[in-house]
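All of these numbers come straight from a predicted model, not from anything done at the bench.
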Amino acid sequence: MVKPAPNAKSVRLHSLEILKRIEFDGAYTDLVLSQLFRNDEIPAKDRAFISELIRGTVRWKKYLDWIVGHFWQDGRKKLDKNIRLVLWMGLYQLAFMRVPEFAAVNESVELAKKIAGKPWPGIVNAILKNFLRNKSKIKLPDRQQKPVQYLAVKYSHPEWLVEHWLKRMEVVQVEALCKANNEIPQLTVRYNSLNKSCSDFENILNENGVEFSKGDIDGFYKVKNLTYTIQLELMQKGLLTVQDQSAGIPALLAAPKPGQRILDVCAAPGGKSVFLAELSNDQAVIIAGDLNFSRIKLIKETSQRLSLNSIKTVQADAACFPAKQADIVMVDAPCSGLGVLAKKPDIRWQRSLNDIYELSKLQLLLLEKNLQLVKPGGFLVYSTCTIEPTENEHVIEKFLKKHQNCEIIPPDRDLVPSSLVDSKNMVHTCPGKNNMDGSFSVKIKVKT
């Protein structure tokens with residue numbers, strides 16, 4: 001349980017201001033929190049509380065709003081939009097954070113006093129206390145008669161998305177997926193093989209009292225109780241990179257070798273680029289590009305932190321990448337992000353069905369443009385962090401149908417578990433099924 005420091009009122013006011021930016025201005029949770037936490041005046045303990053409160057409230061807002069609707073039934077008065085957010089935060093503390101009931105209620109009432117006059121503080125007090133007395137009486141939509149609404153409310157997902165998934169998956173599969181999307185993800189790290197051996201890295205974790213387990217992919221570890229201080233120290237020493245196992249698969253598919261020329265055309269924030277450098281013993285020529293200059297800085301910082309010299313950066317559009325032909329071209333395409341909802345809870349509320357179809361057009365375009373940059377006999381690696389067939393296998397099928405000189409290359413089963421590879425040698429991962437983020441990747445050879 002994360003508890004706030006004594007200045008709890010300012011902590012919750014900070015949280016409300018952040019939530020308003022996310023809810024009303026469409027700001028991204030990660031960006032708003034990182035901007036706030038640049039303020040050194042906010043103690044680490046308060047940061048943890050704010051982060052959990054904001055991420056959890058955003059994640060569960062549909063379910064929380066269902067509860068608000070159950071107890072707010074005054075048809076004569078519209079619920080103030082800011083008070084609705086205060087109620088979401090108060091309910092999240094009571095339902096999920098195990099904050100002492102009196103603290104969650106009282107601080108929510110005080111927050112209502114700061115932002116609105118009468119009668120709103122009294123209404124906040126009444127609704128939260130009513131929830132505590134009658135939470136067992138809250139009824140969800142009927143599971144059998146209204147499965148879409150039931151899953152959407154119980155697991156706090158937009159109805160369009162639940163309905164979309166139910167068209168290609170069974171109810172139990174969709175329920176498992178939604179449940180996995182609401183779990184707080186365990187931290188996954190990859191050790192730097194150029195700096196330490198596997199056993200040496202494990203010894204370092206043990207010496208620092210870090211609990212860990214090996215991932216399904218070599219070099220990756222699930223870690224517990226890794227404090228921010230220790231994590232920062234190990235990162236600064238170039239010993240590890242925070243990266244999900246699914247994000248490492250494209251580099252493993254690429255299988256880079258010393259002396260090869262590699263283009264990573266959608267490289268930021270740089271996790272795949274640095275893994276390519278490590279796999280090639282830092283002896284390849286890796287050109288990592290991104291359209292956003294500030295994100296290019298992240299690639300440079302990560303490369304420098306790991307003492308890698310083989311990565312060169314360029315600010316460029318992936319659709320017209322300014323480079324000569326290469327042995328390997330990586331296209332980690334912009335996508336809906338529907339495979340990483342556990343880590344980025346706001347995505348579920350910001351996407352639409354149309355986004356999926358529009359992004360698939362861009363993804364196909366990027367493959368078409370970057371095919372020209374692959375040497376004959378070279379490889380094109382395509383990846384996304386979504387579980388949508390429209391953005392994944394359907395894009396590849398359209399691409400291969402047009403380009404008969406291209407073929408899918410099977411993954412090395414010693415590096416990529418067979419359970420992740422389908423009958424067409426495409427790699428899929430899914431939350432709730434593979435103990436990692438949702439993703440897709442495939443390796444394509446351009447015949448000579």
How about S199 and S197: does a side-chain donor come under 3.5 Å of a side-chain acceptor?
yes

With a cut-off of 3.5 Å and sequence neighbours excluded, list every side-chain donor-acceptor pair involving residues 250-278.
{"residue": "Q260", "atom": "OE1", "partner": "K257", "partner atom": "N", "Å": "2.9"}
{"residue": "R261", "atom": "NE", "partner": "Q325", "partner atom": "O", "Å": "3.3"}
{"residue": "D264", "atom": "OD2", "partner": "S273", "partner atom": "OG", "Å": "2.6"}
{"residue": "K272", "atom": "NZ", "partner": "D332", "partner atom": "OD2", "Å": "3.2"}
{"residue": "E278", "atom": "OE1", "partner": "R190", "partner atom": "NH1", "Å": "2.5"}
{"residue": "E278", "atom": "OE2", "partner": "R190", "partner atom": "NH1", "Å": "3.4"}

When you compare the side chains of K146 and Y150, does any donor N or O come within less than 3.5 Å of an acceptor on the partner?
no

I'd like to know whether Y191 forms a ring-ring contact (aromatic ring centres under 6.0 Å, His included) with F220, so could you lay out the CA-CA distance, the side-chain angles of the two residues, the decisive distance to 0.1 Å, and finally the verdict.
CA-CA 7 Å; Y191 81 96; F220 287 81; 9.2 Å; no

Students often mix this up, so state it plainly: with edges at 30° and 60°, are the rings of F96 and Y92 parallel, tilted or perpendicular?
parallel

Tell me yes or no: between the side chains of D355 and S336, is some donor less than 3.5 Å from an acceptor?
no

Residues H157 and N181: closest non-hydrogen pair is NE2-ND2, 3.2 Å

Against the six-membered ring of F379, is K443 placed for a cation-pi contact (under 6.0 Å from the centre, within 45° of the normal)?
yes

We want to know whether D244 and S246 form a side-chain donor-acceptor pair, criterion being a heavy-atom distance below 3.5 angstrom.
yes

Looking at NZ of K361 and NZ of K398, how far apart are the two atoms once the value is rounded to the nearest 0.5 Å?
9.0 Å

Could you please spell out the steps behind the salt bridge (charged side-chain N to carboxylate O under 4.0 Å, His left out) verdict for D65 and R84?
CA-CA 8 Å; D65 204 51; R84 187 180 295 274; 2.7 Å; yes

Please determine, by modelled atom types, if Q35 and R21 share a side-chain donor-acceptor pair under 3.5 angstrom.
yes

